[in-house]
Amino acid sequence: MRVVDLRSDTVTRPGPAMRRAMAEAEVGDDVWGDDPTVSKLQAVAAERFGHEGSLFFPSGTQSNLAALLTWCARGDEVLLGAEAHTFIHEGGGAAALGSIHSHALANDADGAVDPAKVARAIKPRDNHFARTRLLALENTLDGKVVPQQRLEAACAVAKQHGLVTHLDGARLMNAVVKTGRPAAELARPFDSLSLCLSKGLGAPVGSLLFGSAAFLDGARRWRKVLGGGMRQVGVLAAAGLYALEHHVDRLAEDHANAALLGERLANVEGLTVEPVQTNMVWLQVAPALAQGFVGRLAARGVLASGAERVRFVTHLDVSREDVLRAAEVVREVARASAP
Ligand SMILES: *Cc1c(COP(=O)(O)O)cnc(C)c1O
């Protein structure tokens with residue numbers, strides 16, 4: 001049985017051409033700044049994102065954490081969305097390793113953090129309060145492209161109050177392809193930005209952190225402290241370069257496949273499909289069906305994640321045919337599970 005793995009776009013495996021690029025990469029010791037392939041990736045990406053430079057990290061969790069540690073001192077406050085990956089899914093690293101105070105603000109339905117809420121959350125300079133230092137936002141959020149003017153408005157409020165701004169842009173290229181706007185334009189409101197190469201872009205490992213040369217000096221030090229200083233890592237940077245060159249435009253196929261899956265799952269008794277924007281399909285499963293639902297899909301060769309709100313993520317390693325079959329399996333399992 002062919003398994004259709006829709007748990008995440010992190011499950012993609014490097015194909016033959018990417019592996020060839022990795023095998024042929026020129027390398028050096030990147031802790032000494034000697035790896036030409038890492039340097040090339042960092043320069044090519046920085047140019048594309050309109051930032052002064054970028055820095056290659058083993059993971060997005062580490063690049064977000066290094067950004068927070070670079071911007072915030074002990075006891076400083078970061079404002080972020082209550083649904084943000086950095087707030088929920090990064091092990092509380094900002095508190096555990098940086099003594100940084102996280103203040104979460106509820107995200108609106110469109111994924112944005114309301115600028116008025118940001119303004120109210122910024123503390124006056126007073127010894128009673130943590131020093132609000134950073135606004136950290138996310139795009140895309142759960143597959144939703146956050147409207148750019150709302151991100152800009154929140155950043156403008158932050159800047160008026162002397163804060164700096166960070167974007168967790170793990171899947172920003174999905175927003176680039178969806179909106180047709182260049183990466184540099186979506187990146188512009190932010191002082192720093194993290195991008196994952198290992199999600200829909202299909203590299204096996206790696207994230208990039210963008211910012212000014214002065215910011216990246218600080219981030220490079222924190223990367224080393226966090227154990228992310230890597231040596232002949234051009235073999236991985238080569239995969240990232242290949243991904244940026246060959247795997248950005250094709251994200252449109254993932255979006256089309258997700259839209260198709262969403263259409264095929266509409267009007268099924270007990271299932272509610274949330275609107276699909278990029279490569280994620282969120283399915284609300286009625287409580288009567290939810291028990292064991294994902295397990296029954298897996299038994300039929302369709303892997304998804306969640307329970308009552310089930311997530312399907314399309315990617316490089318699933319075809320239109322795979323998605324059509326997955327939709328059929330979900331429909332059959334829903335029908336067979338109905339009370
Ligand atoms: C995946 C992801 C990260 C970082 O993930 P790693 O698995 O540590 O590379 C950060 N933010 C968002 C929104 C993500 O989806």
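- Rounding to the nearest 0.5 Å places CD of Q62 at 12.0 Å from CH2 of W222.
- Between R7 and D5 there is a salt bridge, since a side-chain N of the basic residue sits under 4.0 Å from a carboxylate O of the acidic one.
- For R320, the CZ atom counts as loosely surrounded, since its 6.0 Å shell holds 12 or fewer non-hydrogen atoms of other residues, nucleotides or ligands.
- In terms of heavy-atom proximity, G81 sits nearest to V113 at CA-CG2, 3.8 Å.
- Counting heavy-atom neighbours within 6.0 Å of E332 CD, excluding the residue itself, gives a total above 12.
- A continuous path of ILVMFWY side-chain contacts below 4.5 Å connects L271 to V273, so both sit in one hydrophobic cluster.
- Of the possible polar contacts, none joining the D322 side chain to the V4 backbone as a donor-acceptor pair under 3.5 Å is found.
- Looking only at distances, a side-chain donor or acceptor of K178 sits under 3.5 Å from a matching main-chain atom of Q277.
- S63 OG to L55 CG: the interatomic distance, rounded to the nearest 0.5 Å, is 9.0 Å.
- The aromatic rings of F215 and W71 sit parallel, their planes meeting at an angle under 30°, below the 60° perpendicular limit.
- Of all heavy-atom pairs spanning A153 and P115, the tightest one is CB-CG, 3.6 Å.
- When only modelled atom types and interatomic distance are considered, H166 and S192 share a side-chain donor-acceptor pair under 3.5 Å.
- Side chain of N64 to backbone of T86: no donor-acceptor contact under 3.5 angstrom is found.
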### K144 vs D108, salt bridge (Lys or Arg N to Asp or Glu O under 4.0 Å): CA-CA, chis, key distance, verdict
CA-CA 11 Å; K144 281 181 287 205; D108 290 340; over 6 Å; no
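- When all heavy atoms of A238 and M22 are compared, the pair lying nearest together is CB-CA, 3.9 Å.
- Around atom CD of E26, no more than 12 heavy atoms belonging to other residues, nucleotides or ligands sit under 6.0 Å away.
- In this structure, D9 and T314 have side chains that are not in contact, with every pair of non-hydrogen atoms separated by 4.5 Å or more.
- Here the shortest heavy-atom pairing between L289 and E269 reads CD1-O, 4.0 Å.
- Between the side chains of H85 and E138, no donor-acceptor pair of N or O atoms lies under 3.5 Å.
- Looking only at distances, a side-chain donor or acceptor of D191 sits under 3.5 Å from a matching main-chain atom of T165.
- Here the side chains of V118 and L135 are in contact, with some heavy-atom distance below 4.5 Å.
- Side-chain N or O atoms of S99 include none that pairs as donor or acceptor with a backbone N or O of R74 at under 3.5 Å.
- Annotation: salt bridge (charged side-chain N to carboxylate O under 4.0 Å, His left out) contacts involving residues 33-48, sequence neighbours excluded, are absent.
- There is no path of hydrophobic side-chain contacts, each under 4.5 Å, that joins L226 to M230.
- The neighbour count for R264 CZ, taken as heavy atoms of other residues, nucleotides or ligands under 6.0 Å away, does not exceed 12.
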### Task
Show your working on side-chain contact (heavy atoms from CB on, under 4.5 Å) between V145 and T179 and close with a plain yes or no.
CA-CA 8 Å; V145 179; T179 60; 3.8 Å; yes
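- With hydrophobic clusters built from ILVMFWY side chains whose heavy atoms lie under 4.5 angstrom apart, L241 shares a cluster with V205.
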### Message
Quick one, V281 with R311, criterion side-chain contact (heavy atoms from CB on, under 4.5 Å). Give me CA distance, side-chain angles, the key distance, then yes/no.
### Response
CA-CA 6 Å; V281 180; R311 187 182 84 162; over 6 Å; no
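- A donor-acceptor contact shorter than 3.5 Å links the side chain of R296 to the backbone of Q291.
- L186 has its side chain within reach of Q148: a pair of non-hydrogen atoms, C-beta onward, lies under 4.5 Å apart.
- Ion pair R131/D76 flagged as a salt bridge, since at least one NZ, NE, NH1 or NH2 atom sits closer than 4.0 Å to an Asp/Glu carboxylate oxygen.
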#### Entry: Stepwise side-chain contact (heavy atoms from CB on, under 4.5 Å) check, F293 with V330
CA-CA 9 Å; F293 189 77; V330 175; 4.1 Å; yes
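- Side-chain atoms of E274 and Q284 form a donor-acceptor pair, as typed in the model, at a separation below 3.5 Å.
- In this structure, CG on L193 lies 10.5 Å from OG on S207, to the nearest 0.5 angstrom.
- L265 is listed as a side-chain neighbour of R331, based on a closest heavy-atom distance under 4.5 Å.
- In this structure, the separation between CG on L297 and CG on L303 is 9.0 Å, given to the nearest 0.5 Å.
- Side-chain contact check for K123 and H128: no donor-acceptor pair (N or O, by modelled atom type) lies under 3.5 Å.
- Counting only distance, with no hydrogens or angles, the side chain of T37 and the backbone of G234 share no donor-acceptor pair below 3.5 Å.
- Remark: F56 CZ to L41 CG distance equals 6.0 Å, nearest 0.5 Å.
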### Task
For salt bridge (Lys or Arg N to Asp or Glu O under 4.0 Å), just list the numbers for R220 and D217, CA-CA rounded to whole Å, side-chain angles, deciding distance to a tenth of an Å, and then say yes or no.
CA-CA 5 Å; R220 192 177 291 105; D217 265 353; 3.2 Å; yes
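- Separating the CZ atom in F49 from the CG atom in L172 is a distance of 5.5 Å, to the nearest 0.5 Å.
- R171 and T278 form no side-chain donor-acceptor contact under 3.5 Å, judged by distance and modelled atom types alone.
- Within the 3.5 Å criterion, the main-chain N or O of V176 finds no donor-acceptor partner in the side chain of N174.
- In this structure, V333 and R335 have side chains that are not in contact, with every pair of non-hydrogen atoms separated by 4.5 Å or more.
- Transitive grouping of hydrophobic side chains (ILVMFWY, heavy atoms separated by less than 4.5 Å) brings L68 and L216 into a common cluster.
- A salt bridge does not link D317 with R13: none of the charged nitrogens is closer than 4.0 Å to a carboxylate oxygen.
- Between P204 and M18 the shortest side-chain heavy-atom distance falls below 4.5 Å.
- V235 and V27 get closest at one heavy-atom pair: N-CG1, 3.8 Å.
- Tracing side-chain contacts under 4.5 Å through hydrophobic residues (I, L, V, M, F, W, Y), one reaches L324 starting from V310; they form part of the same cluster.
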### Query
Does the pair D29 and R231 meet the rule for a salt bridge (Lys or Arg N to Asp or Glu O under 4.0 Å), with working shown?
CA-CA 4 Å; D29 187 333; R231 304 295 179 176; 3.2 Å; yes
### Query
Are T12 and H315 close enough, and set up right, to give a side-chain contact (heavy atoms from CB on, under 4.5 Å), and what steps lead you there?
CA-CA 7 Å; T12 51; H315 54 77; 3.5 Å; yes
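- Panel note: side chain K159, backbone P189; a donor-acceptor pair is recorded below 3.5 Å.
- A donor-acceptor contact shorter than 3.5 Å is absent between the side chain of R133 and the backbone of L79.
- Taking each heavy atom of A219 and A66 in turn, the nearest pair found is O-CB, 4.3 Å.
- Close placement of the Y242 and H247 rings is indicated, their centers lying within 6.0 Å of each other.
- In the displayed structure, N267 atom CG is contacted under 6.0 Å by at most 12 heavy atoms of other residues, nucleotides or ligands.
- At a threshold of 4.5 Å between non-hydrogen side-chain atoms, the residues E90 and L65 do not count as touching.
- The side-chain heavy atoms of T272 and L283, taken from C-beta on, include no pair separated by under 4.5 Å.
- In this structure, a donor-acceptor pair under 3.5 Å is present between the side chains of T132 and E77.
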